[in-house]
Amino acid sequence: MPRFLAIHSVPGITEEEFRHALSEARRWRPDGRATILKVYCDLGRGKLFSECEAPEQAQFEEWIRVLGWSYDAIYNVDLVQQSGRFWKL
């Protein structure tokens, strides 16, 4: 399944706001075919990084829209390395 990584600018976001936004996002499978895997937060720089598996980027964009966030960019993930394992998507 294709995987995507989005970068978001959210200047001044606090840990409380981050937790609240994502606790409200109960639809981790936005359309039954897409899955939000992780969301990383850099509080100091006001940056978020969200990772999703979905058949198409549009399903990921819809989830981001529902959260009320914008994004600086969305990238396709072609290769992954984790704990010494590599795989091609």
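Atom OG1 of Thr35 and atom CD of Glu51 lie 11.0 Å apart (nearest 0.5 Å). Of the inter-residue distances, the one linking Lys47 atom NZ with Asp72 atom CG reads 4.0 Å to the nearest 0.5 angstrom. Taken to the nearest 0.5 Å, the CZ atom of Phe60 stands 9.5 Å off from the OH atom of Tyr71. Within the model, atoms CG of Asn76 and CZ of Phe4 stand 5.0 Å from one another, a figure rounded to the nearest 0.5 Å. Atom NE2 of His8 is separated from atom CD1 of Ile74 by 7.5 Å, given to the nearest 0.5 angstrom. Residue Ile64 holds its CD1 atom at 7.5 Å from CD1 of Ile36, rounded to the nearest 0.5 Å.
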Checking Ile13 against Leu43 for the side chain to side chain contact (heavy atoms under 4.5 Å, CB included) test, could you report, in this order, the C-alpha distance in whole Å, the side-chain angles of both residues, the deciding distance, and whether it holds? CA-CA 6 Å; Ile13 190 169; Leu43 294 171; 4.2 Å; yes
So Arg3 and Leu37, side chain to side chain contact (heavy atoms under 4.5 Å, CB included) or not? Walk me through it. CA-CA 9 Å; Arg3 189 174 293 193; Leu37 301 172; 3.6 Å; yes
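Phe18 places a side-chain heavy atom less than 4.5 Å from the side chain of Leu48.
For the residue pair Pro2 and Pro55, the shortest heavy atom distance occurs at CG-O, 3.8 Å. The two residues Ala54 and Met1 make their nearest non-hydrogen contact at C-SD, 3.4 Å. The two residues Trp69 and Leu22 have their closest heavy-atom pair at CH2-CD2, 3.7 Å. Shortest non-hydrogen contact noted between Ser50 and Val39 is CB-CG2, 4.0 Å.
The pair Arg19-Glu16 fails the salt-bridge criterion, with no side-chain N (NZ, NE, NH1 or NH2) lying under 4.0 Å from an Asp/Glu carboxylate O.
Environment of CZ in Phe49: crowded, with over 12 heavy atoms of neighbouring residues, nucleotides or ligands closer than 6.0 Å. The local environment of CD in Gln81 is crowded, with over 12 non-hydrogen atoms from other residues, nucleotides or ligands closer than 6.0 Å.
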